[in-house]
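Single-structure report; data block below.
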Amino acid sequence: VAFCVTAAAWADGAGHQGPRPPELSDPAKIKALIGQLGSGRYVARRQAQQELARAGVAAFDALQQAVTHDDPEVATTAAFLLSEIEIPWQSADDSSEVTKLLSGYDKATLDGRVQAVLKLGQLPAAEARPALCRIVRYDQDAIVSKLAAVMMLDDFIKSADSPPLTFAELEVLLGTSQREAAGWLR
């Protein structure tokens with residue numbers, strides 16, 4: 001079963017993109033949809049899968065947790081949906097250097113992603129932090145996620161040139177991620 005998942009916007013039937021409908025960003029709705037992935041009814045499972053696919057990156061954190069669900073149907077479908085989400089590795093607020101380092105990040109090998117994280121860690125803290133937070137939150141490899149967190153923690157210890165991120169800023173950048181590396185930064 002293949003279908004396209006969009007990350008930051010969704011397309012209506014006419015192909016117009018715009019803000020995602022609010023119900024697709026509601027954590028309670030996303031949690032309920034994940035529960036429906038284990039329904040005994042095929043139609044309910046399929047509908048939940050399609051809605052979670054439309055939610056895209058808004059469902060990422062909940063799907064990440066669902067990968068370890070006791071129900072193999074839920075865990076397998078969550079893993080599939082995660083693999084289909086297009087992660088917004090670059091942001092309009094990124095510097096040209098960060099944009100360059102994250103160009104092609106989604107297709108990079110493990111070594112290429114590690115190298116990008118190490119290079120981000122050499123940039124000024126304020127410039128690299130948002131990108132490193134995205135890697136902590138979204139990189140599927142736990143080692144890369146943790147390396148990005150270590151780069152931020154190392155920068156925090158060594159850097160006096162810029163103030164650390166506030167808890168509120170971290171919450172915006174890390175969202176509801178329950179990943180171990182995100183916990184280190186909180």
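Of the candidates D94, L173, D139, L174, R134 forms a side chain to side chain contact (heavy atoms under 4.5 Å, CB included) with just one, namely D94.
A donor-acceptor contact shorter than 3.5 Å links the side chain of Q90 to the backbone of T99.
No continuous path of ILVMFWY side-chain contacts below 4.5 Å connects W89 to V172, so the two sit in separate hydrophobic clusters. There is a path of hydrophobic side-chain contacts, each under 4.5 Å, that joins L118 to V136.
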- Task: Would you check, one step at a time, whether the test salt bridge (charged side-chain N to carboxylate O under 4.0 Å, His left out) holds for E169 with R129?
- Result: CA-CA 10 Å; E169 291 168 322; R129 284 179 186 150; over 6 Å; no
- Message: Run L37 and L52 through side chain to side chain contact (heavy atoms under 4.5 Å, CB included) and show every step you take.
- Response: CA-CA 10 Å; L37 293 175; L52 286 165; 3.7 Å; yes
- Report the C-alpha separation of M152 and C133 in whole Å, then their side-chain angles, then the decisive distance to 0.1 Å, and conclude whether the side chain to side chain contact (heavy atoms under 4.5 Å, CB included) test is met. CA-CA 8 Å; M152 289 184 65; C133 279; 3.6 Å; yes
- side chain to side chain contact (heavy atoms under 4.5 Å, CB included) assessment of L82 paired with Q64: CA-CA 7 Å; L82 276 173; Q64 183 77 37; 3.8 Å; yes
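No more than 12 heavy atoms of other residues, nucleotides or ligands shown are found within 6.0 angstrom of CD1 on I143.
Every residue two or more places apart in sequence or in another chain was checked for a side chain to side chain donor-acceptor pair (under 3.5 Å) with S83, and none qualifies. For E171, the salt bridge (Lys or Arg N to Asp or Glu O under 4.0 Å) criterion is met by R186, not counting sequence neighbours.
No side-chain heavy atom of T176 sits under 4.5 Å from any side-chain heavy atom of P27.
Taking the six-membered ring where tryptophan is involved, the planes of Y138 and F60 are perpendicular, since the angle between them exceeds 60° and thus also 30°.
Scanning all heavy atoms of the two residues, the minimum distance from S177 to R137 falls at CB-CG, 4.0 Å. In plain terms, the two heavy atoms of V57 and P88 that are nearest each other are CG2-CD, 3.9 Å. The minimum heavy-atom distance between L120 and A128, with the atom names listed, is O-CB, 3.2 Å.
A side-chain donor from one of S95 and E127 sits under 3.5 Å from a side-chain acceptor of the other.
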